[in-house]
2 protein chains.
Amino acid sequence: MKNTVYKNTDKILLAVDCIIFGFDGKDLKALLVKRAIEPEIGKWSLMGGFVKENESVDAAATRVLSLQTGLSEIYMEQLYCFGDVERDTAGRVVSIVYFALIKIDDYSKDLMKEHHAKWFSLDMLPTVVFDHRKMIDLSILRLQEKVVSHPIGFELLPAKFTLQQLQALYEAVYNTTFDNRNFTKKILSLGLLVKLNEKDKGSSKKGSFLYEFNHDQYRQLNKEGLRFL
Amino acid sequence: MKNTVYKNTDKILLAVDCIIFGFDGKDLKALLVKRAIEPEIGKWSLMGGFVKENESVDAAATRVLSLQTGLSEIYMEQLYCFGDVERDTAGRVVSIVYFALIKIDDYSKDLMKEHHAKWFSLDMLPTVVFDHRKMIDLSILRLQEKVVSHPIGFELLPAKFTLQQLQALYEAVYNTTFDNRNFTKKILSLGLLVKLNEKDKGSSKKGSFLYEFNHDQYRQLNKEGLRFL
DNA sequence: TTTAATAAATGTATAATTTACATTTATTTT
DNA sequence: AAAATAAATGTAAATTATACATTTATTAAA
């Protein structure tokens with residue numbers, strides 16, 4: 001496509017950066033990579049790339065994510081456009097940031113090595129390039145807002161999980177603790193969970209029952225705009 | 001600033017579009033203008049303009065808004081980046097959309113004529129260019145989310161207003177009706193409003209008391225993340 | 001085989017919040 | 001003085017949220 005009509009206007013480099021959250025059963029983590037190009041090569045960074053002229057911004061984000069994680073069909077949404085003139089020290093680049101939620105085990109160790117990627121707990125993040133810290137901070141806020149009305153456990157937990165894991169996830173997101181009786185009561189009352197006839201024996205002698213999400217009910221609640229905690 | 005490092009990447013035209021909401025005491029309205037350039041010249045459109053190479057995206061939005069409405073220091077936030085390849089029929093243009101809230105009377109009739117602008121009730125919107133309808137729809141959703149936790153009355157109502165006006169605003173945003181006893185109770189319990197010793201006699205023989213926002217309490221609640229209705 | 005150890009599962013009473021609902025009040029006009 | 005009009009106001013019932021401790025299932029050790 002040619003810009004036949006809009007003459008003499010300033011074209012700008014457009015990038016996408018992706019912040020990827022995962023949950024290891026205990027902590028919320030963000031996936032960072034060692035930056036592969038100058039400037040700041042080798043420093044920790046969000047996954048990013050440039051938007052091509054014939055590519056939608058969404059497609060660019062999907063491409064970057066897929067290229068670096070090997071994952072597709074993951075939960076992703078646009079977060080914010082960072083557009084300060086001096087945000088990238090090497091030139092004018094406006095960045096559209098996306099945030100994604102993945103099941104931490106879906107991301108293969110091989111790809112991790114290949115792209116020099118590493119999971120960091122949110123309270124142990126290293127220094128990152130440019131304005132990426134601002135991006136991460138904003139994404140954590142967005143995640144918290146999101147969680148209020150969207151059952152994100154879906155995206156971050158394995159298909160079968162225990163109530164303990166689910167509660168730990170919510171506690172990690174909100175950085176707080178909940179009374180487990182009240183938490184269980186509330187979550188179960190939503191009809192979102194299906195109790196399985198299977199136990200996870202990993203963490204106790206008694207074992208704890210595994211649950212699955214009820215996808216239909218999830219979609220229903222998403223539409224109606226439920227309110228979680 | 002020169003892009004000295006990033007070679008051979010695709011630069012893209014960046015635009016900002018602004019959706020401006022106002023409230024006339026009865027309906028929520030959006031401010032549209034007749035598009036001043038080709039293509040689609042003369043059609044209804046959001047206010048927009050191109051981002052300059054040496055200008056932040058935020059600054060571009062502020063500039064566009066200020067240029068066309070004469071207003072500064074108005075409530076504005078970034079909404080979303082629309083980045084489909086074919087969204088603008090005349091070339092590749094990625095648009096960052098902002099949404100703004102203004103007091104409807106602050107926008108002078110003269111400027112309105114000068115820029116061929118017009119307020120439209122949200123349920124009587126005309127056909128608009130490109131993907132502006134999607135932008136408007138998304139902004140209405142955002143406004144509703146916003147209202148849950150932010151006292152936007154501030155931005156949309158005159159400094160002195162009646163409880164009736166405030167309730168009408170919330171009813172317009174949510175497109176519903178509230179019981180006026182419960183609404184009053186709830187709003188007053190937040191300590192957000194200051195009752196004045198003045199009445200507005202415009203709408204009844206008895207007249208209704210005017211209120212002001214308590215700015216300190218507003219900021220406080222904003223920080224704590226209150227929950228409205 | 002009994003006992004000890006461990007984490008999972010569960011219930012109830014109280015407090016807080018939300019909802020539903022109709023009458024009285026202040027003022028102006030006739 | 002009476003009628004008309006919209007504003008202002010309270011209470012009881014239902015729902016939801018909170019605080020809080022014991023019992024249960026299972027395994028490992030005695």
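- Among the atoms of the strands shown, only primed sugar atoms or phosphate atoms (P, OP1, OP2) are found under 4.0 Å from some heavy atom of B:Lys201.
- For B:Lys199, the listed nucleotide lying nearest its side chain is C:dA26; candidates were D:dT9, C:dA26, D:dT18.
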Exercise. Apply the test salt bridge (Lys or Arg N to Asp or Glu O under 4.0 Å) to residues A:Lys29 and A:Asp27: give CA-CA distance (whole Å), side-chain angles for both, the deciding distance (0.1 Å), then the verdict.
Key: CA-CA 6 Å; A:Lys29 306 208 159 184; A:Asp27 289 317; 5.3 Å; no

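- Nearer the 5' end of DNA chain D, as judged by each residue's closest nucleotide, is the contact made by A:Arg181, out of A:Arg181 and A:Gly207.
- When each of C:dT29, D:dA7, C:dA9 is scored by its nearest atom to the side-chain atoms of B:Lys205, the top-ranked nucleotide is C:dT29.
- Taking atom NZ of B:Lys186 as the reference point, atom C1' of D:dA8 lies 20 Å away to the nearest angstrom.
- Taking the side chain as every heavy atom from C-beta outward, A:Arg133 and A:Leu125 approach each other to under 4.5 Å.
- When all heavy atoms are compared, the tightest approach of B:Leu28 to B:Phe23 is N-CD1, 3.9 Å.
- For the 3.5 Å distance criterion, the side chains of A:Ser95 and A:Asp17 qualify, holding a donor opposite an acceptor.
- Residue A:Asn180 places no side-chain atom within donor-acceptor reach of the base of C:dA8, judged by atom type and a 3.5 Å distance cut-off alone.
- The CD atom of B:Gln167 sits 12 Å away from the C1' atom of D:dA8 (whole-angstrom rounding).
- Regarding A:Lys185, its NZ atom lies at a distance of 10 Å from the C1' atom of D:dT16, rounded to whole Å.
- Of the candidates C:dA8, D:dA7, D:dT5, D:dA7 carries the atom nearest the B:Ser204 side chain, counting heavy atoms from C-beta on.
- Each of C:dT6, C:dC21, D:dC20 was ranked by its minimum atom distance to the side chain of A:Asn182; first place goes to D:dC20.
- Backbone-only engagement by A:Ser203 is indicated by non-hydrogen atom pairs under 4.0 Å involving sugar-phosphate atoms exclusively.
- Whole-Å rounding puts the B:Leu188 CG to D:dG10 P distance at 12 Å.
- Rounded to a whole Å, the CD atom of B:Gln164 is 6 Å from the C1' atom of D:dA7.
- The distance between atom CG of A:Leu163 and atom P of C:dT10, rounded to the nearest whole Å, is 9 Å.
- Distance B:Leu210 CG to D:dA8 C1': 15 Å, rounded to the nearest Å.
- If you check distances only, the side chain of B:Lys206 never reaches the base of C:dT24 with a donor-acceptor pair under 3.5 Å.
- Atom-to-atom, CZ of A:Phe209 to C1' of D:dT24 comes out at 11 Å; the value is rounded to the nearest Å.
- Taking the charged nitrogens against the carboxylate oxygens, A:Lys113 and A:Asp110 have no contact shorter than 4.0 Å, which rules out a salt bridge.
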